Number of protein chains: 2
Amino acid sequence: MQVVELHYFCEMAKQGRRSDCPINFALELFGDKWTLLIIRDMMFKGKHSYSDFLHSEEKIATNILADRLSLLENAGIINKSVDPSHGSKFIYKLTAKGIDLMPILVEVIVWSAKYDANTATDRKFLYKVSNDREGLINSISTKLKGEISMYK
Amino acid sequence: MQVVELHYFCEMAKQGRRSDCPINFALELFGDKWTLLIIRDMMFKGKHSYSDFLHSEEKIATNILADRLSLLENAGIINKSVDPSHGSKFIYKLTAKGIDLMPILVEVIVWSAKYDANTATDRKFLYKVSNDREGLINSISTKLKGEISMYK
DNA sequence: TCGACTACTTGCAAAATAAAAGTAGTTAAT
DNA sequence: ATTAACTACTTTTATTTTGCAAGTAGTCGA
């Protein structure tokens, strides 16, 4: 009886998810206040190092940053490599799986720019999205994919 | 001196945001594990009452649900009206601002369906998105907008 | 008017998050 | 070679959020 209960518990722990809903799948990975900011920095701001993320406007705490970077690495969203020009530094880059998050981020930007009177969104970016969404996503995507292969 | 400090504090409380970045704007509103599930229920599952949300697969706690509903109402994402056919019930509906979140949710679904081997995503939905994204978003949007005007 | 249902609120424990301080391995300059 | 600064963390402690259980007040149908 104990064994059965343990087995049941382990199955729950292994899966550990609340449902197989795709919205829930995403929330369990980046449903918090910080993870998407790190991804934003890599995707749109050319940031790739620990101190880059640490010094972003929103001032993430160092323990939270370390935690989220390891979560993202384990989830296959980013990878980590030694900076060839600075041995004590690591470089964090988006994987293909991470780059594929771009359409989500783009739609978030469009929505927030529409409803936040104070938004810091670049008008040129919004123009490009409304004019040629696919083209914009592809061009940023291509640039980021180039970065992936640089240090591997 | 007290007055000055109080004034300073109030300004912080009024703005209260970490940055004007559009990604951050969205995260401050729905950057948690629950809020988007409530929006999903209203948007794709025809759920509109407190008990509908409470009994969803992910089993949200009643205090968290009450908190998120009032946050969403204050943010103008949903509105709340008395159920005409059942006086003790309220009906929660997405506003236009809430319906405009749909492109984000659609992209989340597409991404999760691609990377979650266990996803519960409907193949027909994915087919429609890849075939006529705008058409799909418009048809669900139109249906939801019809619901808005029903009880007002 | 009874029992069930509705949308909550309250209280408390547990978990997650944040801030601060500390650590260990480079690196750059003297 | 030594020191000061920088790097990516870890640890500790405090605060906030979440989860669970119970309670409440207003319907509703029989």
Side-chain angles (χ1 to χ4, degrees), chain A residues 9 12-13 16-19 24 26-39 41-42 47-75 77-93 151, chain B residues 9 12-13 16-19 24 27-38 41-42 47-75 77-93 151:
Chain A
F9 177 76
M12 286 293 107
R17 44 157 90 182
R18 303 179 297 184
S19 77
N24 183 61
L27 289 178
E28 302 220 357
L29 184 59
F30 50 80
D32 69 88
K33 298 254 183 280
W34 296 108
T35 306
L36 276 184
L37 295 180
I38 300 171
I39 292 168
D41 283 353
M42 282 186 272
K47 297 189 176 182
H48 297 287
S49 74
Y50 194 91
S51 50
D52 284 344
F53 308 136
L54 204 57
H55 297 126
S56 275
E57 211 181 347
E58 293 86 3
K59 299 271 169 277
I60 189 169
T62 177
N63 57 339
I64 304 291
L65 175 58
D67 178 70
R68 296 307 189 278
L69 286 173
S70 80
L71 281 175
L72 285 172
E73 200 189 358
N74 289 333
I77 304 285
I78 63 174
N79 59 35
K80 183 182 176 179
S81 53
V82 176
D83 185 339
S85 70
H86 198 284
S88 73
K89 264 179 120 171
F90 291 104
I91 288 179
Y92 301 91
K93 297 251 170 79
Y151 311 106
Chain B
F9 176 76
M12 284 295 106
R17 47 158 88 182
R18 301 179 297 184
S19 79
N24 183 61
L27 289 178
E28 302 219 358
L29 185 59
F30 50 80
D32 70 86
K33 298 255 183 282
W34 296 108
T35 306
L36 276 184
L37 294 181
I38 300 171
D41 283 354
M42 282 185 273
K47 297 189 177 183
H48 297 287
S49 74
Y50 194 90
S51 50
D52 283 344
F53 307 136
L54 205 57
H55 297 127
S56 275
E57 209 182 348
E58 294 86 4
K59 299 273 169 275
I60 190 169
T62 177
N63 56 341
I64 306 289
L65 176 58
D67 178 70
R68 295 308 188 278
L69 286 173
S70 80
L71 282 175
L72 286 172
E73 199 188 359
N74 290 334
I77 304 285
I78 63 174
N79 58 34
K80 180 181 176 180
S81 53
V82 176
D83 185 339
S85 70
H86 197 284
S88 74
K89 263 179 123 170
F90 291 104
I91 288 179
Y92 301 91
K93 296 254 170 77
Y151 311 105

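Within every chain, numbering begins at 1; the chains are lettered A, B, ... in the order of the sequence lines, protein sequences first and strands thereafter. Since we're looking at a predicted model, the values are computed, not measured. Heavy atoms only: backbone and side chains are in, while hydrogens, waters and symmetry mates are out.
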Between [atom2] on [N] and [atom1] on [X], what's the gap in Å once rounded to a whole number?
| X | N | atom1 | atom2 | value |
| --- | --- | --- | --- | --- |
| Lys89(A) | dA5(D) | NZ | C1' | 14 Å |
| Asp52(A) | dC9(D) | CG | P | 14 Å |
| Glu28(B) | dT17(D) | CD | P | 12 Å |
| Tyr50(A) | dT26(C) | OH | P | 17 Å |
| His86(B) | dT6(C) | NE2 | C1' | 7 Å |
| Leu65(B) | dT10(C) | CG | C1' | 16 Å |
| Leu69(B) | dT9(C) | CG | P | 11 Å |
| Leu54(A) | dC6(D) | CG | P | 13 Å |

Tabulate atom names and distances for all N/O pairs under 3.5 angstrom spanning the protein and nucleotides 17-21 of chain C.
residue : atom : partner  : partner atom : Å
dA18(C) : OP1  : Trp34(A) : NE1          : 2.7
dA18(C) : OP2  : Trp34(A) : NE1          : 2.7
dA18(C) : N7   : Asn63(A) : ND2          : 3.2
dA19(C) : N6   : Asn63(A) : ND2          : 2.7

- Task: Could you check whether Tyr92(A) gets within reach of a base, just the sugar-phosphate, or nothing at all, counting any heavy atom under 4.0 Å?
- Result: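 The residue Tyr92(A) makes sugar-phosphate contact but no base contact.
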
**OP:** Remember a base hit wins even if backbone is also touched, and classify Phe90(B) as base, sugar-phosphate or nothing at under 4.0 Å, heavy atoms.
**Re:**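 If one applies the 4.0 Å heavy-atom cut-off, Phe90(B) turns out to touch the sugar-phosphate alone, with no base involved.
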
Side chain [X], main chain [Y], donor-acceptor under 3.5 Å:
| X | Y | answer |
| --- | --- | --- |
| Asn74(A) | Ser70(A) | yes |
| Lys47(B) | Phe53(B) | no |
| Tyr50(A) | Thr62(A) | yes |

Within a strict 4.5 Å, meaning less than it, do heavy atoms of the Lys80(A) and Leu69(A) side chains meet?
->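 No, their side chains stay 4.5 Å or more apart.
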
message = Between Ile77(A) and Thr35(A), does the side chain to side chain contact (heavy atoms under 4.5 Å, CB included) criterion hold? Intermediate values first, please.
response = CA-CA 11 Å; Ile77(A) 304 285; Thr35(A) 306; over 6 Å; no

*asked:* Using the salt bridge (charged side-chain N to carboxylate O under 4.0 Å, His left out) criterion, which residues pair with Asp32(B)? Sequence neighbours excluded.
replied: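 For Asp32(B), the residues satisfying salt bridge (charged side-chain N to carboxylate O under 4.0 Å, His left out) (neighbours in sequence not counted) are Arg68(B).
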
